[in-house]
K.L.:
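Before I ask anything, here is the structure I am working with.
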2 protein chains.
Amino acid sequence: MTETRYGKGEYIFREGDPTEYFHIVKEGSVKCVKLSLDGKECTLKVLMPGDLFCCDAATFDGAYHPGTAQPMGDVSVLRMKKEAYFKMLRANPDAAMEVIRYLGNRLNEAQEKAKVFALDRADQRLASLLVNLAERSGVQESNGLRITVRLTRQDMANMVGITTETAIRIMARFKKDRLVTGTAARLVIRDLPKLKLLAST
Amino acid sequence: MTETRYGKGEYIFREGDPTEYFHIVKEGSVKCVKLSLDGKECTLKVLMPGDLFCCDAATFDGAYHPGTAQPMGDVSVLRMKKEAYFKMLRANPDAAMEVIRYLGNRLNEAQEKAKVFALDRADQRLASLLVNLAERSGVQESNGLRITVRLTRQDMANMVGITTETAIRIMARFKKDRLVTGTAARLVIRDLPKLKLLAST
DNA sequence: CACAAAACATGACTATTGTCATGTTTTATT
DNA sequence: AATAAAACATGACAATAGTCATGTTTTGTG
């Protein structure tokens, strides 16, 4: 298990690269993205410390990465040769069962997301995203939950399949309604219950 | 491993049921659906013989089913108590690795679908669906590939997150353009290459 | 600090898809 | 074969989100 550091603008791996290593996030956040033919970006998931890179599940089944893993700021990643990792899993039923549980969980998550994409409006999708982020990476502050991951309106748009402009407009409305404050560097959720309500209406 | 048969109108399990069993499809097709609060349906996946029910991955991680499993026509399903299955996986590294591979594959599939939902128009999503179905369940016939699963326009709509009316309109256009023919009981893909092109444009 | 680049913002207009209403055709069941 | 139910179809209109253009503010960097 070796540790590698990556900075802004670098890639951990890119769509189409062979799946040589198994990865785990140690520090920082990593985003998994796919690109469409005309260059539009779709962010599948933001990985945080402890997450396996199975958002890019190709490591488990597939010779090539189906998406790109991109650091968000400075990150530190642990990695291990795929073969060694598989050998370890074979020898260690507890670890294998843990991976099965983890993958099951991630699959459920992906399908819940598919449901949101299929049925919800742009504002609801954005609200769902904010709720998720708040629960995964929010720290309590005087005026609400601050999101520790730096996310621009553009990033949010890519995560829920809308355009940057709509993300901006909806965030402006959320701000007016006192549900959130701030922008990328300092985004604060002020009314989590109302956002939850909106997400599930 | 016991075999159970289900017919139209029955449920194999429903959203919220405890996850007692691990399931595999033996014969027929099963659809995994989630419902929104206002009753709209979202079909996550159509399972075919050999598929594990990990579209409903709760069996692997979670005490309750996050979706409903519904037979499409007559089906036969194999099942095993969850505990026994987990015990078997622990004792059998090959089986465990196989499940890991399968889950990884399904996760990739789910994320590819998320990308399609995020970036593509209704007609492209429908085209993607038809391509997938053709490749998974199509049988060659004189005039094209026949889809062996019975799918109404409504079913298709639920699978790609559009309304029944738009599904009907788009299918009418596809028919006019000689990409497909027929309806639910006898749906034939006449021009797979063109559908593929449309799906990825 | 100055300056460039990125992020945020807003308006006008368009495209896409949903909604609702109504009617026809197909399929299944007695 | 008759009949009910489901599926398919279509029009008119509304709502939602995308596109493009342009301008302001914030952030990062030499």
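In what follows, chains carry the letters A, B, and so on, assigned in the order in which the sequence lines appear, proteins first and then strands, with residues in each chain numbered from 1. Excluded from the calculations below are hydrogen atoms, water molecules and symmetry mates; all remaining heavy atoms, backbone and side chain alike, are included.
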K.L.:
Between A:Glu41 and B:Lys115, does any side-chain N to carboxylate O distance fall below 4.0 Å?
P.N.:
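The answer is no: the pair does not qualify as a salt bridge.
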
K.L.:
CZ of B:Arg121 versus C1' of D:dA17: gap in Å, rounded?
P.N.:
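Rounding to the nearest Å, CZ of B:Arg121 and C1' of D:dA17 are 14 Å apart.
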
K.L.:
Looking at A:Lys40 and B:Asp120, does any basic side-chain N land under 4.0 Å from a carboxylate oxygen?
P.N.:
no

K.L.:
Starting from C1' on C:dG18, measure out to CD1 on B:Ile168 and report it in whole angstrom.
P.N.:
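Taking atom C1' of C:dG18 as the reference, CD1 of B:Ile168 is at 13 Å.
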
K.L.:
Are B:Lys194 and B:Asp177 ion-paired here, with the side-chain N under 4.0 Å from a carboxylate O?
P.N.:
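Looking at B:Lys194 and B:Asp177, the cut-off is not met.
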
K.L.:
Want to settle it: does B:Lys40 or A:Lys175 sit nearer the 5' end of DNA chain C, counting the closest nucleotide to each?
P.N.:
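Whichever sits nearer the 5' end wins; that is A:Lys175.
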
K.L.:
Taking NZ, NE, NH1 and NH2 as the nitrogens, is one of them in A:Glu141 or A:Arg190 under 4.0 Å from a carboxylate oxygen of the other?
P.N.:
no

K.L.:
Could you check whether B:Arg90 pairs with A:Asp94 (Lys NZ or Arg NE/NH1/NH2 to Asp/Glu carboxylate O, under 4.0 Å)?
P.N.:
yes

K.L.:
Can you list, by residue number, the residues of residues 151-163 of chain B that have a non-hydrogen atom closer than 4.0 angstrom to DNA chain D?
P.N.:
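Correct list: B:Thr152, B:Arg153.
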
K.L.:
Rounded to whole angstrom units, what separation is found between the CD atom of B:Gln124 and the C1' atom of C:dT16?
P.N.:
12 Å

K.L.:
Is the shortest distance from a Lys or Arg side-chain nitrogen in A:Lys31 or A:Asp155 to a carboxylate oxygen in the other one below 4.0 Å?
P.N.:
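Counted as a salt bridge, because a side-chain N and a carboxylate O are separated by less than 4.0 Å.
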
K.L.:
Taking CG from B:Asp123 and C1' from C:dT17, how many angstroms apart are they, rounded to a whole number?
P.N.:
11 Å

K.L.:
Would you kindly say whether A:Tyr11 and A:Asp17 are connected by a side-chain donor-acceptor distance under 3.5 Å?
P.N.:
no

K.L.:
Roughly how many Å is it from CD1 in A:Ile170 to C1' in D:dA15, rounded to a whole number?
P.N.:
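These atoms are roughly 14 Å apart.
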
K.L.:
Do NZ/NE/NH1/NH2 and the carboxylate oxygens of A:Arg153 and A:Glu165 come within less than 4.0 Å?
P.N.:
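Answer for the salt bridge query: no.
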
K.L.:
Report, as a single string ordered 5' to 3', how protein heavy atoms within less than 4.0 Å touch nucleotides 20-30 of chain C: B base, S sugar-phosphate only, - not at all.
P.N.:
B------SS--

K.L.:
Rounded to whole angstrom units, what separation is found between the CZ atom of B:Arg173 and the C1' atom of D:dA9?
P.N.:
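These atoms are roughly 15 Å apart.
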
K.L.:
With a 4.5 Å limit on heavy-atom distance, are the side chains of A:Glu27 and A:Val75 in contact?
P.N.:
no

K.L.:
Rounding to 10 degrees, work out the angle separating the end axes of the helix from C:dC1-D:dG30 to C:dT30-D:dA1 (five pairs an end).
P.N.:
60°

K.L.:
Got a donor-acceptor contact below 3.5 angstrom from the B:Arg79 side chain to the B:Glu3 backbone?
P.N.:
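The answer is no, because no donor-acceptor pair under 3.5 Å joins these two groups.
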
K.L.:
I need the CG-P distance between A:Asp120 and D:dA17, as an integer number of Å.
P.N.:
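Between P of D:dA17 and CG of A:Asp120: 10 Å.
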
K.L.:
Anything under 30° is parallel, anything over 60° is perpendicular, the rest tilted; go ahead and classify B:Tyr85 against B:Phe22.
P.N.:
parallel

